[in-house]
Amino acid sequence: MEAVLTAEDLEAPVSSGTSLGSGEYFSRVGVGSPSKEYFMVIDTGSDVSWLQCQPCSDCYQQSDPIYTPSSSSTYSPLTCSTRECSTLEVSACRNSACLYQVSYGDGSYTVGEFVTETVSFGTSGKIPKVAIGCGHDNEGLFVGAAGLLGLGGGPLSLPSQIKATSFSYCLVDRDSPKSSSLEFNSAKPADCVTAPLIKNNKLNTFYYVGLSGFSVGGQQISVPPTLFDVDEGGSGGVIVDSGTAITRLPTQAYNSLRTAFTRLTPHLKSTTGVALFDTCYDFSSMSSVKVPTVAFHFAGGQSLDLPAKNYLIPVDSAGTYCFAFAETTSSMSIIGNVQQQGIRVHYDLARSQVAFSPNNC
């Protein structure tokens with residue numbers, strides 16, 4: 001007799017990884033039986049969930065003890081003939097055990113066995129037989145976290161495996177010690193701005209949103225409307241990605257946005273660019289600063305005004321702030337987690353809609 005699973009009201013805390021040296025956001029989830037809790041990066045831009053796993057051939061520093069399969073009674077390796085194994089983009093077989101490998105856009109990667117385990121969400125519930133990676137060789141920018149929760153749209157993602165009809169998270173301000181929550185199947189928040197979730201038939205992992213443009217200081221910026229479309233080959237489009245820090249825009253869109261912003265800020269003292277930012281300001285002698293509002297305009301006509309801290313961010317302790325957008329040579333735009341701070345983002349998978357609810361952590 002199989003238990004009927006509903007993802008009803010599963011909830012886990014979410015906190016900023018800044019204090020652990022990470023630009024990512026972490027959730028706290030339990031893995032194994034008995035359950036042990038781990039900090040996991042929340043990533044809507046990938047599908048496979050994984051955690052570092054003993055014995056390590058190459059593991060980075062994490063804040064929790066590394067997960068040990070032998071101390072969990074529910075650890076179960078997947079064989080190569082399983083549907084889960086054949087669904088992996090990169091897999092291999094060793095003695096009929098399924099091996100996985102996932103690589104990320106920043107060069108990070110994880111390699112190990114693909115297994116099933118029980119995943120627990122605090123006291124709100126636990127789910128048996130979730131397919132996850134047990135990573136023995138992991139490298140990259142995951143500092144502090146024990147692994148990653150894949151919240152993307154593909155069949156191996158956590159929402160897909162637990163058949164969630166929706167999920168939401170709120171990312172607290174980067175420097176906040178407070179925590180908020182990651183929730184599955186919770187109601188759409190009140191007072192929200194909605195945008196259509198768009199399917200890309202070539203890539204089911206990413207959550208594409210219909211973006212029509214931007215405004216700065218209340219003035220719409222002229223960008224060609226097709227600039228943010230997904231084309232027939234599956235490239236282009238705009239994704240909402242909790243696992244990327246800084247919003248990336250194709251050169252043409254970025255230049256238009258930056259020009260509009262600098263045109264309205266001649267009174268601010270500019271300074272040299274820092275790292276991937278080319279538009280920076282020296283606020284060291286100022287106690288408060290007035291800046292033009294930046295807003296996203298979505299297909300369907302609604303717009304989201306960003307708070308200033310979501311697009312002007314401190315890059316040192318000396319009062320240097322940078323305009324927190326960057327250009328990309330790729331045709332795909334990314335709305336990153338700096339721009340999502342303080343906003344509850346609700347992904348309604350059943351209705352293909354994303355809702356943004358400001359000040360809702």
| Tell me, do Ile66 and Cys59 make a side-chain contact under 4.5 Å, heavy atoms counted? | yes
| request: Would you name the heavy atoms of Ser176 and Ser16 that are closest together and state the gap between them? | output: O-CB, 4.4 Å
| query | Side chains of Ser330 and Met332: closer than 4.5 Å at any heavy-atom pair? | reply | yes
| task | Would you mind reporting whether Gln252 and Pro224 have side-chain heavy atoms less than 4.5 Å apart? | result | yes
| said: How about Cys56 and Cys53 - are their SG atoms less than 2.5 Å from one another? | reply: no
| said: I'd like to know if the side chain of Thr259 reaches the main chain of Ser256, judged simply by a donor and an acceptor atom lying under 3.5 Å from each other, with no hydrogens or angles considered. | reply: no
| query | Has the side chain of Ser72 got a donor or acceptor atom that lies under 3.5 Å from a matching backbone atom of Pro69? | reply | no
| said: Can a side-chain donor-acceptor contact be found between Ser70 and Thr68 if the only test is distance below 3.5 angstrom? | reply: no
| field | Pairs flagged by ring pair (Phe, Tyr, Trp, His ring centres under 6.0 Å) wherever residues 142-162 is involved - sequence neighbours left out | value | Trp50-Phe142, Tyr60-Phe142, Tyr104-Phe142
| said: Under a 3.5 Å distance rule, please check whether Asp278 uses its side chain to pair with a backbone N or O of Gly273 as donor and acceptor. | reply: no
| said: How close do Ser120 and Lys126 get, counting heavy atoms only, and between which atoms? | reply: OG-CB, 3.5 Å
| task | Treating Ile, Leu, Val, Met, Phe, Trp and Tyr as nodes and any side-chain heavy-atom pair under 4.5 angstrom as an edge, say whether Leu306 and Tyr321 lie in one connected cluster. | result | yes
| Can you check whether Ser33 reaches Ser73 side chain to side chain, under 4.5 Å on heavy atoms? | yes
| task | Flag yes if more than 12 heavy atoms outside Gln54 fall under 6.0 Å of its CD atom; otherwise flag no. | result | yes
| Using the benzene-type ring in the case of Trp, are the ring centres of Phe325 and Phe261 under 6.0 Å apart? | no
| Which of parallel (below 30°), tilted (30 to 60°) and perpendicular (above 60°) describes Tyr100 and Phe114? | tilted
| field | Residues forming a salt bridge (Lys or Arg N to Asp or Glu O under 4.0 Å) with Asp173, sequence neighbours excluded | value | Lys309
| said: Within this structure, what is the CD-OG distance for the pair Glu113 and Ser76, rounded to the nearest 0.5 Å? | reply: 11.5 Å
| Heavy-atom pair with the smallest gap, counting every atom of Val223 and Ser212 | CG2-O, 4.2 Å
| Can you get from Ile246 to Phe214 by hopping between Ile, Leu, Val, Met, Phe, Trp and Tyr side chains that sit under 4.5 Å apart? | no
| said: Are Val238 and Leu151 linked, directly or through intermediate hydrophobic residues, by side-chain heavy-atom contacts shorter than 4.5 Å (ILVMFWY only)? | reply: yes
| task | First locate atom CD1 of Ile221, then atom CZ of Arg258, and finally report the distance between them rounded to the nearest 0.5 Å. | result | 11.5 Å
| field | Residues clustered with Val90, ILVMFWY side-chain links under 4.5 angstrom | value | none
| field | Residues that Tyr207 engages under ring-ring contact (aromatic ring centres under 6.0 Å, His included), provided they are two or more places apart | value | Phe167, Tyr347
| Can you find a heavy atom in the side chain of Phe184 that is under 4.5 Å from one in the side chain of Ile127? | no
| field | Derivation of the side-chain contact (heavy atoms from CB on, under 4.5 Å) call for Leu312 and Tyr281 | value | CA-CA 9 Å; Leu312 276 172; Tyr281 298 92; 4.1 Å; yes
| Is it the case that Arg28 places NZ or CZ above or below the six-membered ring of Tyr38, under 6.0 angstrom from the centre and within 45 degrees of the axis? | no
| message | Just so I know, are the side chains of Ile343 and Leu304 near enough to count as touching, which here means a heavy-atom distance under 4.5 Å? | response | yes
| Any sub-3.5 Å donor-acceptor pair from Asp47's side-chain atoms to Gly150's backbone N or O? | no
| task | Find out whether Leu268 and Phe283 are in side-chain contact, i.e. whether some heavy atom of one side chain is under 4.5 Å from a heavy atom of the other. | result | yes
| task | Kindly give the heavy-atom pair with the smallest separation between Val209 and Val354, and that separation in Å. | result | CB-CG1, 4.3 Å
| message | Starting from Phe228, can I reach Val216 by hopping between I/L/V/M/F/W/Y residues whose side chains sit under 4.5 Å apart? | response | yes
| request: State the CG-CD1 distance between Leu203 and Ile239, to the nearest 0.5 angstrom. | output: 9.0 Å
| Is there a donor in the side chain of Gln220 and an acceptor in the side chain of Ser215, or the other way round, less than 3.5 Å apart? | no
| query | Between Tyr254 and Thr328, do the side chains contain an N or O donor and an N or O acceptor separated by less than 3.5 Å? | reply | no
| Can any side-chain N or O of Asn360 pair as donor or acceptor with the backbone N or O of Asp191 at less than 3.5 Å? | no
| query | So do Asp137 and Ser57 actually touch side chain to side chain, heavy atoms under 4.5 Å? | reply | yes
| said: Looking at Asp106, I'd like to know if its CG atom is crowded, meaning that more than 12 non-hydrogen atoms belonging to other residues, nucleotides or ligands lie closer than 6.0 Å. | reply: yes
| task | Might you point out which heavy atoms bring Val14 and Ser181 nearest each other, and give the distance in Å? | result | CG2-C, 3.6 Å
| request: Using the salt bridge (charged side-chain N to carboxylate O under 4.0 Å, His left out) rule, collect all pairs that involve residues 326-344, keeping only residues at least two apart or in two chains. | output: Glu183-Arg344
| query | Distance-only, no hydrogens or angles: does the Ser179 side chain make a donor-acceptor pair with backbone N or O of Ser15 under 3.5 Å? | reply | no
| task | Find out if the SG atoms belonging to Cys98 and Cys80 lie under 2.5 Å from one another. | result | no
| task | Determine yes or no for a side-chain-to-main-chain donor-acceptor pair under 3.5 angstrom, with Gln339 supplying the side chain and Asn310 the backbone. | result | yes
| So Val143 and Ser22, side-chain contact (heavy atoms from CB on, under 4.5 Å) or not? Walk me through it. | CA-CA 6 Å; Val143 51; Ser22 172; 4.1 Å; yes
| Would Gln340 and Tyr169 count as having a side-chain donor-acceptor pair, cut-off 3.5 Å? | yes
| field | side-chain contact (heavy atoms from CB on, under 4.5 Å) between Leu171 and Ile42, worked out | value | CA-CA 10 Å; Leu171 307 180; Ile42 59 171; 3.8 Å; yes
| request: State yes or no: do Phe298 and Val294 share one hydrophobic cluster built from I, L, V, M, F, W and Y residues joined by side-chain heavy-atom distances below 4.5 Å, directly or via other members? | output: yes
| remark: Rounding to 0.5 Å, atoms CD (Gln161) and OG1 (Thr116) come to a distance of 9.5 Å
| query | Between the side chains of Thr165 and Asn185, is a donor N or O closer than 3.5 angstrom to an acceptor N or O? | reply | yes
| said: Quick check against the 3.5 Å criterion: does Ser27 have a side-chain atom that pairs as donor or acceptor with the backbone of Pro13? | reply: yes
| remark: Rounded to the nearest 0.5 Å, the OG atom of Ser103 sits from the CD atom of Glu89 at a distance of 10.0 Å
| field | Pairs satisfying disulfide (SG to SG under 2.5 Å), at least one member in residues 274-356, at least two apart | value | Cys280-Cys322
| task | I would like to know whether Thr244 and Ile335 meet side-chain contact (heavy atoms from CB on, under 4.5 Å); could you show each step before the answer? | result | CA-CA 8 Å; Thr244 292; Ile335 297 178; over 6 Å; no
| said: For the backbone of Asp231 and the side chain of Asp229, can you confirm whether one donor and one acceptor N or O come within less than 3.5 Å of each other? | reply: no
| field | Which atom of Phe39 lies closest to which atom of Asp64, heavy atoms considered | value | N-OD2, 2.8 Å
| task | State whether a side-chain donor-acceptor pair under 3.5 Å links Tyr109 with Glu139. | result | yes
| field | Interatomic distance, Asn138 atom CG to Asp58 atom CG [nearest 0.5 angstrom] | value | 7.5 Å
| So, Tyr25 side chain and Val172 main chain: donor-acceptor pair closer than 3.5 Å or not? | yes
